[in-house]
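First comes the structure, then the notes that go with it.
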Amino acid sequence: TKQEYINVTINAAKEQIAAQPDDVRTMYTLGSLFLGLNQPQEALKYFLGAEKLSPRKQTIIMDTALAYLATGDKATALATAKRGYELDTNFPSARLAYSLVLLKTGQTKQAEEIIGDLVLDERFINVYAEIGNYKKVLELWQQKVATDPNNPQLYISLAAAYFANGNKT
């Protein structure tokens, strides 16, 4: 079953970390797995271990911030994301993650200033939907359709945005 494969993977990764405690990649991968399984507290253990070994790796720092956010610790998520973002403000993944944290913590204006050309990333659009800003969701899906008018999936997403925004006709 799926759960059995997940358990085998987790156990193998833990064994690898026990055998090689400085294995940043396995720690990070295990943290990512736990975050994907919606177990952010468990993810944090491995992200923080990986970050201790590789303190300037933006990807690790930004995923640590997202794990803090998933636990509900918005203040630590924001501080962590800001620290990661400031290491290299041009790194797209850091800009995206920091913007997502800013948006989820109610700092929309600053998030929009930082996200810039990445605004059409679906993760960013999804956060607007999560916080109930369907007008912005609709606007962004319209922009995505304009950039790729032959993509039928974008029209489906645009229709869903119209529906969520109250335009049901």
Side-chain angles (χ1 to χ4, degrees), residues 1-131 137 140 144 147-148 151 153-154 157:
T1 67
K2 179 181 174 184
Q3 189 58 49
E4 290 171 340
Y5 287 117
I6 290 170
N7 290 339
V8 167
T9 302
I10 289 170
N11 290 334
K14 286 181 177 181
E15 288 175 15
Q16 174 69 21
I17 292 168
Q20 293 183 324
D22 61 346
D23 185 348
V24 174
R25 182 170 297 176
T26 301
M27 270 189 223
Y28 174 73
T29 300
L30 191 53
S32 297
L33 176 61
F34 280 121
L35 189 58
L37 293 171
N38 198 28
Q39 296 179 35
Q41 289 289 1
E42 207 53 35
L44 277 171
K45 291 178 192 177
Y46 296 98
F47 286 149
L48 291 170
E51 188 180 337
K52 186 176 181 182
L53 294 168
S54 190
R56 297 190 53 82
K57 183 73 174 171
Q58 280 182 294
T59 303
I60 296 170
I61 296 168
M62 300 320 272
D63 282 345
T64 302
L66 295 174
Y68 277 121
L69 190 63
T71 69
D73 187 348
K74 291 181 178 182
T76 305
L78 190 56
T80 303
K82 182 177 182 183
R83 180 171 48 84
Y85 168 73
E86 289 176 345
L87 289 172
D88 178 359
T89 59
N90 294 315
F91 185 53
S93 294
R95 285 180 38 222
L96 178 66
Y98 186 38
S99 295
L100 293 173
V101 172
L102 286 166
L103 196 56
K104 285 188 175 190
T105 57
Q107 298 180 52
T108 304
K109 185 177 181 189
Q110 189 176 1
E112 290 175 348
E113 289 170 359
I114 290 170
I115 196 64
D117 61 327
L118 299 175
V119 73
L120 296 181
D121 186 292
E122 290 183 26
R123 292 169 288 185
F124 202 67
I125 297 171
N126 290 340
V127 172
Y128 274 114
E130 284 177 33
I131 65 174
V137 170
L140 294 174
K144 278 188 77 78
T147 64
D148 188 5
N151 184 336
Q153 183 59 49
L154 295 180
S157 297

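- Not one N or O on the side chain of Gln110 forms a donor-acceptor pair closer than 3.5 Å with the backbone of Leu102.
- Between the side chain of Thr71 and the backbone N or O of Tyr68 there is at least one donor-acceptor pair closer than 3.5 Å.
- Across every non-hydrogen atom of Ala65 and Ala77, the tightest pair is O-CB, 3.3 Å.
- When the options Thr89, Asp117, Asn90 are evaluated for a side-chain hydrogen bond (donor to acceptor under 3.5 Å, both in side chains) with Arg95, the one that passes is Asp117.
- Contact detail for Ile61 and Gly84: the closest heavy-atom pair is CG2-CA, 3.5 Å.
- Taken from CZ in Arg25 to CD in Gln20, the straight-line distance is 12.0 Å, to the nearest 0.5 Å.
- Between the side chain of Ser54 and the backbone N or O of Ala50 there is no donor-acceptor pair closer than 3.5 Å.
- Of all heavy-atom pairs between Ala129 and Val137, the closest is N-CG2, 3.4 Å.
- The line from CZ of Phe47 to CG of Leu35 is 5.0 Å long, rounded to the nearest 0.5 Å.
- Smallest separation of non-hydrogen atoms from Ala70 and Pro40: CB-CB, 3.6 Å.
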Next item on the list: Kindly indicate, with the supporting measurements, whether the criterion side chain to side chain contact (heavy atoms under 4.5 Å, CB included) is fulfilled by Ile115 and Leu103.
Entry: CA-CA 10 Å; Ile115 196 64; Leu103 196 56; over 6 Å; no
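- Distance check: Asp22 CG to Met27 CE gives 7.5 Å after rounding to the nearest 0.5 Å.
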Notebook entry, point to check: What do the steps show when you test Lys2 against Ile6 for side chain to side chain contact (heavy atoms under 4.5 Å, CB included), and what is the final call?
Noted result: CA-CA 6 Å; Lys2 179 181 174 184; Ile6 290 170; 4.0 Å; yes
Next item on the list: Test side chain to side chain contact (heavy atoms under 4.5 Å, CB included) on Leu78 and Gln107 and set out the steps.
Entry: CA-CA 10 Å; Leu78 190 56; Gln107 298 180 52; 3.0 Å; yes
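- Side-chain atoms of Thr26 and Tyr46, non-hydrogen and from C-beta on, never get closer than 4.5 Å to each other.
- Across all their heavy atoms, Ala43 and Gly31 have their closest contact at CB-O, 3.2 Å.
- Heavy-atom minimum distance, Tyr98 versus Met62: N-CE, 3.5 Å.
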Next item on the list: Show your reasoning for whether side chain to side chain contact (heavy atoms under 4.5 Å, CB included) applies to Phe34 and Leu44.
Entry: CA-CA 9 Å; Phe34 280 121; Leu44 277 171; over 6 Å; no
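- Rounding to the nearest 0.5 angstrom, the gap separating the OG1 atom in Thr80 from the CG atom in Leu69 is 10.5 Å.
- Leu118 contributes atom CG, which lies 6.0 Å from atom CG of Leu96 (distance to the nearest 0.5 angstrom).
- Side-chain contact, Glu130 with Asn126: no donor N or O sits under 3.5 Å from an acceptor N or O.
- How far CZ of Arg83 is from CD of Gln58: 10.5 Å, rounded to the nearest 0.5 Å.
- Under a 3.5 Å cut-off, the side chain of Lys144 and the backbone N or O of Leu120 do form a donor-acceptor pair.
- Lys109 and Glu112 are not joined by a salt bridge, as no carboxylate oxygen comes within less than 4.0 angstrom of a charged side-chain nitrogen.
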